[in-house]
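What you see below is based on every heavy atom in this structure, not just the backbone, and it leaves out hydrogens, waters and symmetry mates. Throughout, numbering of the chain's residues begins at 1 and tracks the sequence.
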Amino acid sequence: MEIVDDRQPVDQLGHHPAHKQRASRIQQECLKRGLILEVGGRHSAVMRFLPPLIVTERQIDGIFLIFNEAVHVAYVGLQHGHG
């Protein structure tokens, strides 16, 4: 999943620019909550989920609850100039 800056104009292909700082902040917030995500991609803004092949539906739900909370914290923090 690529993290982009939707406040910036789109390029000629209609894509918003990558938001490396927000991706890094989301990764940090996930780590604080016990979820390890890899960040990669050409602009270091692609979130990579690497669960084991035996992950359960309940675990997936937990992963996305943590991710959702981390995204919210990262978005609000960057809007207010924190991190």
Side-chain angles (χ1 to χ4, degrees):
M1 167 184 312
E2 185 173 22
I3 307 302
V4 298
D5 189 347
D6 60 352
R7 296 172 297 168
Q8 299 298 319
V10 297
D11 63 16
Q12 62 266 42
L13 297 175
H15 303 132
H16 291 284
H19 200 306
K20 180 179 178 178
Q21 295 86 358
R22 186 174 293 155
S24 179
R25 180 70 189 271
I26 291 169
Q27 182 186 37
Q28 292 169 10
E29 293 298 327
C30 284
L31 283 171
K32 286 180 188 177
R33 292 160 175 76
L35 177 61
I36 300 171
L37 292 180
E38 189 176 286
V39 176
R42 192 171 67 164
H43 302 290
S44 298
V46 176
M47 309 302 298
R48 296 179 179 158
F49 295 85
L50 305 168
L53 295 177
I54 57 170
V55 67
T56 66
E57 186 174 341
R58 183 175 177 186
Q59 290 169 323
I60 291 171
D61 290 343
I63 288 167
F64 283 102
L65 286 174
I66 292 170
F67 184 74
N68 186 49
E69 184 178 336
V71 168
H72 177 74
V73 169
Y75 190 82
V76 170
L78 286 172
Q79 276 187 324
H80 293 97
H82 300 71

Query - Intermediate values then yes/no, side chain to side chain contact (heavy atoms under 4.5 Å, CB included), Val73 and Glu29 - result: CA-CA 7 Å; Val73 169; Glu29 293 298 327; 3.5 Å; yes
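- Crowding of Ile36 atom CD1: a count of heavy atoms from other residues, nucleotides or ligands under 6.0 Å not exceeding 12.
- Listed here is the closest heavy atom pair of Pro9 and Pro17: O-CD, 3.5 Å.
- What you find for Asp11 and Leu13 is that their closest heavy atoms are OD1-N, 2.9 Å.
- Distance alone, capped at 3.5 Å, places no donor-acceptor pair between the His43 side chain and the His19 backbone.
- Shown here for Arg25 and Ala74, the closest heavy-atom pair between the two residues is CG-CB, 3.4 Å.
- When every heavy atom of Arg7 is checked against every heavy atom of Arg22, the shortest pair comes out as NH2-NH2, 3.8 Å.
- Of all the heavy atoms in Cys30 and Ala70, the pair that sits closest is SG-CB, 3.6 Å.
- Hydrophobic cluster membership for Phe64: Met1, Ile3, Ile26, Leu35, Leu37, Val39, Met47, Phe49, Val55, Ile60, Ile63, Ile66, Phe67, Val71 (Ile, Leu, Val, Met, Phe, Trp, Tyr linked by side-chain heavy atoms under 4.5 Å, directly or transitively).
- For the residue pair Gln59 and Thr56, a side-chain donor N or O sits within less than 3.5 Å of a side-chain acceptor on the partner.
- Note that CD of Glu69 and NZ of Lys32 are 10.5 Å apart. Values are rounded to the nearest 0.5 Å.
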